[in-house]
2 protein chains.
Amino acid sequence: MQIRIDNSSNRPVYQQIIDQVKRDIALGRLIKDDKLPTVRELAAQLAINPNTIAKAYRQMEGEGIIVTRPGAGAFVANLDSSLSRVVRKKLLSDVLERIAVEAYHMQIDRQTLLELFNNAAEKFNVPPRKG
Amino acid sequence: MQIRIDNSSNRPVYQQIIDQVKRDIALGRLIKDDKLPTVRELAAQLAINPNTIAKAYRQMEGEGIIVTRPGAGAFVANLDSSLSRVVRKKLLSDVLERIAVEAYHMQIDRQTLLELFNNAAEKFNVPPRKG
DNA sequence: CTAATTGTACTATGCTAACTATTACAAATA
DNA sequence: TATTTGTAATAGTTAGCATAGTACAATTAG
């Protein structure tokens, strides 16, 4: 579990932590029941306030990404979205449309955009392993 | 030029304005030299502070999306990104990868994601018209 | 030329999110 | 029993967003 914080990024630190945990899970580097670093451990390693780590863990717990138990630690949970499929597709569509607009203004043609999309999709095309 | 502000959104107002102008341009509803509403006009219509509109216009001018002239107004500019092609592709790749991760956690399979992508891409597949 | 319009600049204020610092507590572990 | 762990709560700082008001220079309309 290697996490890096980019202080020059305008993305909040707690969000960067969430991003990277979710990414590692999507990549298959983290699987169900894997233990995450403790709040204090990660706070010391990254030299940031424990509250910031706790905030990230709390939010991931809320999203069902991890399960936490005081005294034990934080662990990767089962893959199980609480949102309806319709809502999930709507959320993704909205972001994809915004990307299409950006691509237009960046003068990236559709074929090139499709290539970039395929590259990204392949990278995370990992079937969920069973713990 | 019809702009709508969603007050329940956590997206900043000035950003929502930028989103919609860029979207209208990408859709071909706004073309080069088209005049945008004046700062005060749009502020009155949306019942928000003129400074917020000015901020949106200033940023779009900085991105080369529009051209402004005091006394005249704000106009749609030529399509011309100041960033190198490599940088533009990198920017898009990063966002696309984040979406791929989200899709994984939302349990949206690759084929479904591809469909959503194609829908979004088609919508903005408009060849730039010449003014 | 004059007056109105337009984008911009500036200062000040209120609000919220993000982060830090510190202390304390309950559950799990050794 | 003592330590470790996630959580909660309070307080303070910083930055971004939005509002309010005033003023200025360039453009436009008369």
Side-chain angles (χ1 to χ4, degrees), chain A residues 1 3-22 25 30 32-78, chain B residues 1 3-22 25 30 32-78:
Chain A
M1 190 71 261
I3 289 187
R4 298 187 172 281
I5 300 303
D6 178 7
N7 291 106
S8 71
S9 169
N10 36 0
R11 202 160 175 80
V13 173
Y14 82 98
Q15 192 62 59
Q16 292 187 41
I17 295 169
I18 296 174
D19 287 346
Q20 291 179 49
V21 170
K22 289 174 101 169
I25 294 175
L30 282 177
K32 184 174 186 306
D33 292 333
D34 275 354
K35 191 177 187 300
L36 297 182
T38 71
V39 167
R40 292 166 178 82
E41 200 177 301
L42 193 53
Q45 176 193 324
L46 301 178
I48 60 181
N49 196 281
N51 288 346
T52 303
I53 314 289
K55 181 176 184 178
Y57 280 21
R58 207 180 318 138
Q59 180 163 326
M60 283 192 285
E61 167 129 62
E63 290 182 31
I65 307 288
I66 64 175
V67 172
T68 65
R69 276 178 307 154
F75 307 87
V76 177
N78 251 329
Chain B
M1 189 74 261
I3 290 187
R4 298 188 171 280
I5 300 303
D6 178 8
N7 291 106
S8 70
S9 168
N10 36 0
R11 200 158 176 81
V13 173
Y14 84 96
Q15 191 63 59
Q16 292 187 42
I17 295 169
I18 296 174
D19 287 347
Q20 291 178 49
V21 171
K22 289 174 102 170
I25 294 175
L30 282 177
K32 183 173 186 307
D33 293 332
D34 275 354
K35 189 175 189 302
L36 297 182
T38 71
V39 166
R40 293 167 177 81
E41 201 178 300
L42 193 53
Q45 176 192 325
L46 300 178
I48 60 182
N49 195 282
N51 288 343
T52 303
I53 314 287
K55 180 175 184 177
Y57 280 20
R58 207 180 319 138
Q59 180 162 327
M60 282 191 287
E61 166 128 62
E63 290 181 32
I65 307 289
I66 66 175
V67 172
T68 66
R69 274 179 308 155
F75 307 88
V76 176
N78 251 330

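Naming convention: chains lettered A, B, ... in sequence-line order (proteins, then strands); numbering from 1 in each chain. Bear in mind that the values here come from a model prediction, so they are computed numbers and not experimental data.
Look at CD on A:Glu61: it is 17 Å from P on D:dT5, rounded to the nearest Å. C:dT6 atom P lies 14 Å from atom CD1 of B:Ile53, rounded to whole Å. Between the P atom of C:dC15 and the CG atom of B:Asn7 lies a distance of 17 Å, rounded to the nearest Å. Rounded to whole angstrom, the span from the CZ atom of B:Arg11 across to the C1' atom of C:dT16 amounts to 18 Å. Atoms CE (B:Met60) and C1' (C:dT8) sit 15 Å apart, rounded to a whole Å. Whole-Å rounding puts the B:Gln15 CD to D:dG16 C1' distance at 12 Å. Rounded to an integer number of Å, the gap from A:Asn49 CG to D:dA8 P is 16 Å. One atom, CZ of B:Arg58, and another, P of D:dA18, lie 12 Å apart when rounded to the nearest Å.
Put simply, the side chain of A:Leu42 does not reach to within 4.5 Å of the side chain of A:Thr38, judged on heavy atoms. Counting only heavy atoms from C-beta outward, the side chains of B:Pro37 and B:Gln45 never approach each other to under 4.5 Å. Inter-residue side-chain proximity for A:Phe75 and A:Ile66 is flagged as unmet; no heavy-atom pair is nearer than 4.5 Å.
The side chain of A:Tyr57 has D:dG6 as its nearest neighbour among D:dT19, C:dA9, D:dG6. Considering only the side chain of A:Ile48, C:dT20 comes nearest among D:dT7, C:dT20, C:dG7. Listed nucleotides C:dG7, C:dT20, D:dA8 differ in distance to B:Pro70; the shortest reach to its side chain belongs to C:dG7. Taking only side-chain atoms of A:Asn51, from C-beta outward, the nucleotide of D:dT7, C:dA9, C:dT22 with the closest atom is C:dT22. In this structure, of D:dT19, D:dA18, C:dT20, it is D:dA18 that holds the atom nearest to the side chain of B:Pro12.
A:Arg40 comes within 4.0 angstrom of a nucleotide base, judged by non-hydrogen atoms across all strands.
Applying the side-chain contact (heavy atoms from CB on, under 4.5 Å) criterion to A:Asn78, with sequence neighbours excluded, gives A:Lys32.
In terms of phosphate contacts, B:Arg69 brings no side-chain nitrogen or oxygen within less than 4.0 Å of OP1 or OP2 of D:dA25. OP1 or OP2 of D:dT5 has not a single side-chain nitrogen or oxygen of A:Thr68 nearer than 4.0 Å. Within the 4.0 Å cut-off from OP1 or OP2 of C:dT20, at least one side-chain nitrogen or oxygen of A:Thr52 is found. Proximity of B:Tyr14 to the phosphate of D:dC17: a side-chain N or O atom is located under 4.0 Å from OP1 or OP2.
In terms of position along DNA chain C, the nucleotide closest to B:Val39 lies nearer the 5' end than the nucleotide closest to the other residue of the pair A:Lys55 and B:Val39.
Between A:Arg11 and A:Asp19 there is a salt bridge, with a side-chain nitrogen of the basic residue lying less than 4.0 Å from a carboxylate oxygen of the acidic one.
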